[in-house]
Amino acid sequence: QVQLVQSGGGLVQAGGSLRLSCAASGRTLSSYAMGWFRQAPGKEREFVAAISRNGYSIYYVDSVKGRFTIARDNAKNTVYLQMNSLKPEDTAVYHCAAESTSRVGTYYYSPDEYDYWGQGTQVTVSS
């Protein structure tokens with residue numbers, strides 16, 4: 001079983017940047033495909049980005065393409081979400097998630113695929 005602990009986030013003005021981190025303990029992160037999701041007040045959970053175990057396959061929701069970057073450092077057991085050119089509509093609670101899979105090159109974008117979740121971190125973008 002893996003535990004995911006998130007850090008980063010906070011309040012930033014529109015156009016600014018933030019980086020979220022998701023550190024794994026208990027199991028090596030290289031055994032998991034990873035994803036980031038977000039949930040704004042009154043809205044359903046939304047997929048943001050995903051990365052395969054080997055880091056070679058990456059997928060983003062259209063609304064963040066060109067602005068957000070997902071990356072993983074398996075040696076540090078950490079996955080990151082770099083968020084640039086932030087917009088007020090990016091305001092949400094962000095969660096990282098891990099999926100145990102034998103497929104090293106596959107990513108997952110459905111929250112139902114994920115087994116483990118971080119505690120969530122608030123990102124607020126002011127206009």
Problem set entry | Nearest heavy atoms of S57 and G105, plus distance in Å | OG-O, 2.8 Å

For this session: Measure the spacing between CD of Q82 and OG of S21 and express it to the nearest 0.5 Å.
Result: 9.5 Å

Problem set entry | Heavy-atom closest pair, residues R53 and N74 | O-ND2, 3.3 Å

Problem set entry | Side-chain donor/acceptor of T121 to backbone N/O of G8, under 3.5 Å | yes

For this session: State yes or no: are the ring centers of Y59 and Y109 separated by less than 6.0 Å?
Result: yes

Exercise. Does Y80 offer a backbone N or O that forms a donor-acceptor pair with the side chain of R19 under 3.5 Å?
Worked result: no

Problem set entry | From OG1 (T78) to CG (L20), nearest 0.5 Å | 12.5 Å

Exercise. In a check of side-chain contact (heavy atoms from CB on, under 4.5 Å) between R38 and each of V93, D90, V123, which one passes?
Worked result: D90

Problem set entry | N/O donor-acceptor pair under 3.5 Å between N77 side chain and L29 backbone | yes

For this session: List the atom of S85, the atom of S17, and the distance in Å for their closest heavy-atom pair.
Result: N-OG, 4.3 Å

For this session: First locate atom CZ of R67, then atom CG of N84, and finally report the distance between them rounded to the nearest 0.5 Å.
Result: 9.0 Å

Problem set entry | Within one Ile-Leu-Val-Met-Phe-Trp-Tyr cluster: I58 and M34, side-chain cutoff 4.5 Å | yes

For this session: With side-chain contact (heavy atoms from CB on, under 4.5 Å) as the test, would you mind laying out the steps for M83 and V12 before giving the verdict?
Result: CA-CA 11 Å; M83 304 183 293; V12 66; over 6 Å; no

Problem set entry | Test log, rule side-chain contact (heavy atoms from CB on, under 4.5 Å), inputs T106 and S52 | CA-CA 5 Å; T106 302; S52 61; 5.6 Å; no

Exercise. At their closest point, which heavy atom of K87 faces which heavy atom of V125, and how far apart are they?
Worked result: O-CB, 3.3 Å

Exercise. Within a reach of under 6.0 Å around NZ of K43, are more than 12 heavy atoms found that belong to other residues, nucleotides or ligands?
Worked result: no

Exercise. Which heavy-atom pair separates A14 from S127 by the least distance, and what is that distance?
Worked result: CB-CA, 4.4 Å

Exercise. Side chain of Y60, backbone of I70: donor and acceptor closer than 3.5 Å?
Worked result: yes

Exercise. Is there a side-chain contact (heavy atoms from CB on, under 4.5 Å) between Q122 and L11 once you walk through the steps?
Worked result: CA-CA 8 Å; Q122 178 70 46; L11 174 64; over 6 Å; no

Problem set entry | Residue that, paired with W36, satisfies side-chain contact (heavy atoms from CB on, under 4.5 Å) out of Q6, H95, E46 | Q6

Problem set entry | Residues F68, L81; criterion side-chain contact (heavy atoms from CB on, under 4.5 Å); working and verdict | CA-CA 7 Å; F68 290 14; L81 185 67; 4.2 Å; yes

Problem set entry | Euclidean distance, N54 CG relative to R72 CZ, rounded to 0.5 Å | 8.0 Å

Exercise. For the residue pair A24 and R27, what are the closest heavy atoms and their distance?
Worked result: CB-O, 4.3 Å

Exercise. Should Y32 and V104 be counted in the same cluster of Ile, Leu, Val, Met, Phe, Trp and Tyr side chains packed under 4.5 Å apart?
Worked result: no

